[in-house]
Structure formats: C-alpha cells, structure tokens
Amino acid sequence: MANHLFDAIRAAASPDAIFIETAEGRRWTYGDMLAFSGRLAGALKRLGVTPGDRVAVQAEKSPEALMLYLACLRVGAVYLPLNTAYTLAELEYFIGDATPHLVVVDPKTRDSVESVTRYHRGTVETLDATGGGSLLQLAGEETDDFADVERGPDDLAAILYTSGTTGRSKGAMLTHDNLLSNALALRDHWRFTSADRLIHALPIFHTHGLFVASNVTLLSGASMYFLPKFDADEALRLMASSTVMMGVPTFYVRLVQHAGLTREATAGMRLFVSGSAPLLAETHRAFSEKTGHAILERYGMTETNMNTSNPYDGDRVAGTVGFPLPGVSLRVTDPETGKTLPDGETGMIEVKGPNVFKGYWKMPAKTAAEFRLDGFFITGDLGKIDARGYVHIVGRGKDLVISGGYNIYPKEVETEIDAMPGVVESAVIGVPHPDFGEGVTAVVVIRSGAALDEAGVLAALKDRLARYKQPKRVLFVDDLPRNTMGKVQKNVLRETYADLYKD
Ligand code: MCA
Ligand code: AMP
C-alpha cells in the first residue's frame, strides 16, 4: 500500500549501507532501520494505535527514538515530539490538547506522566536514552515485515507545537507531503548523496534535527553520526570522517572559539549549514577565515519547514538567508494592508508552497488569521529582498526570543512571573548574548516592601518552565517604560540592557 513519505524513504534505503553510527560506535544499517521500525510499528499497532492517532514522545535522543518516528509514519500515526526539557506542568497542556492515544516517555517520568495521560484515556510506554524500555520490549515480540499503512500526501505525519505569542502553544499540523517535498528540495539544493556523512548533534524534537537533518539524510541514503548533544571537541574530531554539519548559530560561535577549528580539521567537509536563528555576519566571517568554508545559512519555521537557502554554488552572503527554495513563493508585504512591497523595502515575509503546513490543531480561527486569502502564510518575520534577490531577515513582528535556537515566547514567562505574590508586572526581553545569540531577561516591578529577589523569582520558575525558557537574569525596576498608548516599550528595555551579557 502507498505510504507517501515512507515509500520515498524506503526507495532510497540500500539495506547494507550504514545509516547511523553513535558516539559509542553502535551502527545501524538501512536494513536494520527497515526491520526495527517495522517491529516498532507492529508494537504500536498492537497497542491500538490507528491511522490519525497522535503518538506523543518525550524521549532522550537515540537511534531507537528516531526509529519510533519512522514507525509512526508506517502505522499512519501522527508523530508528536516533545522537548525533553519540558516540565510536567508544560506536558499536561500538550497531552490535554492533542489527546494522544499513546505517550512514550523516559522510565523516570512514567508515573507522573501516566497520571495525566490516563485522565485523557491514553496509555504510556517507555523508551530510555540507551534504547531500552517497555516499548522496546513489545517491539521485540513483533516481526520485521510490517505492512505499511496507506497514507496520502495530504495525511498528517506530525504535529509540532510552537509557542504562541498570546495564549497557549499551537500544534502545527504537517502532512506527509509537507515533509517529503521539503526534504527532497533540500536534498537536491544541498547536493546530498549516499556518499555523505552528516554530523547530527541537534535535538530530534524540532524541525531542524528531525526533518531537515534526518529526512534529508534518509532520502539521500546517506549516513550520520548521531550524537546526544553538541560538543565542539567531538564535532571537530568527527569532521575527519564526515562531509556535512547542520547546526544552530551557537554551534558555530562555539567552534569559532575553539583552537582546533582550522583548514586542516575541516578539509574533508563539503558543507556547513546554519539556521533556526540569525547567524551573526561576524561569525560567518570568522568561520570562513579559519576554515575557508562559507557557512550556508537558510531560513525556516516549524509551520513551513524550510523557505529559503543561500546557494550551494554562488555567493553565500553573510547576514542573508538566500533565495526561496524551488517550489516556494515568498513575498514581502505591508504588515497593515497586506500589499506587496517593492524589492528593497522592509515588511512582513509571507510564504506559500507545498512546504506550508495544514493549519493549527483544533484552532481554525487562529489558522485563518495567519493566512491571506490567496493562501500565503504570514510568518511574523520582518524582512526585505535585495537587488540580487537575496532575502534578509531584519527583525520580528512577533514578540519572540530565540536562545540557542530555541524559541521562547515572552508572554509565557511573563504570565508565570506576574502570578508570583508581590509582583506588579513584568516584561521579558531578549538581549544579545555571546553564546546563545539572545539571553532571556526579565524586568520586574514589585510592590513596595515585597520580599522578592532574583533568586526567588528563578526558584519559583524552576518546576514551571523548561530550563532554556528561564531568564538568565532578573532585574528589578520601579516602572516599565510605556508609550503614550500605555504599551510597554520593549525596544527601550532592549536598548537599556543591551550590554548585560557582554563578555
Ligand atoms: C541549554 N541551556 C540553554 C539553552 N540550551 N539556555 C538557553 N538557551 C538554550 N538554547 C541551558 C542549560 O539548561 C544549562 O543550564 C545552561 O543553559 C548551559 O548549558 P550548556 O551545556 O551550555 O548547553 P548545551 O547543552 O550545550 O546546549 C546549548 C545548545 C542547545 C547546543 C545550543 O540548546 C541546542 O542544541 N540547541 C538547538 C535547538 C534547536 O534544535 N532548535 C531548532 C528548532 P544550567 O547549567 O543552569 O542547568 S527548529 C527551528 O527553529 C526552525 C524550524 C528552523 O529554522 O530550524
Ligand atoms: P520555530 O518557531 O522554532 O520554528 O522558529 C522559527 C523562527 O526562527 C522563524 O520564524 C525565524 O524568526 C527564526 N529563524 C529561523 N531561521 C532563521 C535564520 N536563518 N535567520 C533568522 N531567523 C531565523
């Protein structure tokens, strides 16, 4: 039976070729991938997962966790990956909103997650960082020859939650063809072949590590070093036997600071890709001076996969995100009127193409509000197109902080801080941070006499928000700056604290 995305993956899989090698030297061939994802798909089916059911997964990165994503495709389920940093308080919302049939978690959190999941009639199985757990035991009882469930281009393959500027997170619904069309476009644009070996040091619960890195590798029949997290020493060591690395700008900032980054160390590499957050032109230049490689920057979103990329051949221009990918239409519009602006003028970036998601899970009104009538998606990013056609991202129309490639919506952090006794109000901003690009920073007004200090605010946030969302600093002021309309002027705060994290 036809399974739109997995059929393409299967067609590129040469059974004896290496697919994954881990830091400990564990190896998986494509044949192993087909067999293991088949057994896992059998286990999912036995657990009652039917086509269209959500399978939520909060598991440490491992080859087995990636196989679980593939098993979901094969059984027709909707894969719902969750950041391992999310607290139980955060998890509760996702489980309540998506009502997954099955939730897969680390054995350490099984009991607490089970109490939430049971309430929504779901079941819980486990998968640990070494590939063990109850789900794997069930898979061991299955055979390799799972018959893939029929899925068409428009069927859902995944839901990825993106934080919301107002209110709660929204689940972006991604179809089989959203993922397949984008991965094929990237494979061809970046010239991936089965001879490539990728250094995969990104998490696999977001678009970058899951779809961009893993799907492109799979659809090329290439191989990857699958690392639990980014470590500059390890990445440099593996460059001797790799060809490509993909990373967020923090990877490159850390590499540039490393004495081991030289022309010799990177001589066998053919491509370095950066995305998820702006790469500073100075990082691009420093990397190029030390290695002779021009980092290729591209631009994407959870809702759209990848939209633009600098060229493979031709100038990779620092500070730009290149040209729209084949099949993607991109325009810059007046944010108020929606009218297309001439090249060179700054406005809202809008995109349309097979890469663009189907909408937000159970939020038709929010979905409608973010699309134009002619089908263009309003990204919330402000940019311009220069005379040579390169797209520049010059800012964000959305109140968002990007720290080390992770998005943090200030509203979510402000809501938590505002609820603390003694707090009058707060404003959360991102200011330049040498390692993470932007550092989450809270500016708080407290009632006179309230006994709240920086440590107290941070302690209260500890179990409420994922670690990366927690402010790196909490500052106290008498009043927040406001404009004549009474709106908090975050730009003034960003200027005031611009040097807060300077080395
Ligand atoms: C870890 N910490 C962070 C972050 N990561 N704080 C702020 N922002 C972060 N991103 C915390 C840790 O909990 C720790 O806190 C302290 O900071 C230092 O940790 P460290 O060991 O230095 O961190 P790390 O483990 O080296 O991680 C940094 C990282 C990682 C390598 C940059 O965050 C990462 O892999 N980011 C990639 C995110 C990503 O894949 N984004 C793609 C989203 P403490 O010591 O106090 O406990 S997809 C997307 O955006 C779109 C679609 C796109 O275009 O790709
Ligand atoms: P997410 O919601 O995690 O998918 O993050 C998507 C957002 O990351 C985009 O809307 C942009 O604001 C930002 N982003 C991704 N790639 C880049 C890039 N190369 N340069 C600047 N911003 C980027």
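All figures in this text were calculated on a predicted structure; none of them were measured in a lab. In listed order, ligands and their atoms are each counted from 1.
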Quick check on contacts: which atoms of ligand 2 are under 4.0 angstrom from a heavy atom of [X]?
X	value
Pro278	20 (N), 21 (C), 22 (N)
Glu297	18 (C), 19 (N), 20 (N)
Ile393	20 (N), 21 (C), 22 (N)

#### Entry: Sub-4.0 Å heavy-atom contact, Pro203 with ligand 1
yes
### Message
Could you tell me if the side chain of Glu350 sits less than 4.5 Å from the side chain of Arg372, heavy atoms only?
### Response
yes
Nearest neighbour in protein (non-hydrogen) for [atom]:
atom	result
atom 55 (O) of ligand 1	Ser276 OG, 2.6 Å
atom 54 (O) of ligand 1	Arg298 NH1, 2.7 Å
atom 33 (O) of ligand 1	Tyr406 CE1, 3.4 Å
atom 5 (O) of ligand 2	Asn407 ND2, 3.0 Å
atom 19 (O) of ligand 1	Phe436 CZ, 4.6 Å
atom 41 (N) of ligand 1	Gly405 O, 2.9 Å
atom 46 (O) of ligand 1	Arg467 NH2, 2.4 Å
atom 23 (O) of ligand 1	Arg254 NH2, 4.0 Å
atom 36 (N) of ligand 1	Gly404 O, 2.9 Å

Compute both the distance and the angle, then confirm whether [X] meets the cation-pi test with [Y]: under 6.0 Å from the six-membered ring centre, within 45 degrees of the axis.
X	Y	answer
Arg270	Phe272	no
Lys170	Tyr360	yes
Lys61	Phe226	yes

### Summary
Within 4.0 Å of some non-hydrogen atom of Lys472, the atoms of ligand 1 are 3 (C), 6 (N), 7 (C), 11 (C), 17 (O)
### Validation row, ring centre Phe94 to ring centre Tyr86 under 6.0 Å
yes
Say whether [X], considering both its backbone and side-chain N or O atoms, lies within less than 3.5 Å of an N or O atom on ligand 1.
X	answer
Asp435	no
Thr207	no
Tyr299	no
Phe251	no
Ser403	yes

## Note on the structure
The answer for which part of Lys229 has a heavy atom under 4.0 Å from ligand 1 is side chain
#### Entry: Test log, rule salt bridge (Lys or Arg N to Asp or Glu O under 4.0 Å), inputs Arg26 and Glu64
CA-CA 12 Å; Arg26 282 205 292 154; Glu64 288 81 358; 2.8 Å; yes
### Query
How would you list, by chain and number, every residue that makes a side chain to side chain donor-acceptor pair (under 3.5 Å) with Tyr225, sequence neighbours excluded?
Arg197, Ser241
### Task
Just say parallel, tilted or perpendicular for the rings of His176 and His4, cut-offs at 30° and 60°.
tilted
### Query
Taking both backbone and side-chain atoms of Asp381, is any N or O found less than 3.5 Å from an N or O belonging to ligand 2?
yes
#### Entry: Check: Thr162 N/O within less than 3.5 Å of ligand 2 N/O
no
### Message
Does Arg396 form a salt bridge (Lys or Arg N to Asp or Glu O under 4.0 Å) with Glu438? I'd like the steps, not just the answer.
### Response
CA-CA 13 Å; Arg396 294 175 205 134; Glu438 292 179 333; 3.2 Å; yes
#### Entry: atom 29 (C) of ligand 1 touched by protein heavy atom at under 4.0 Å
no
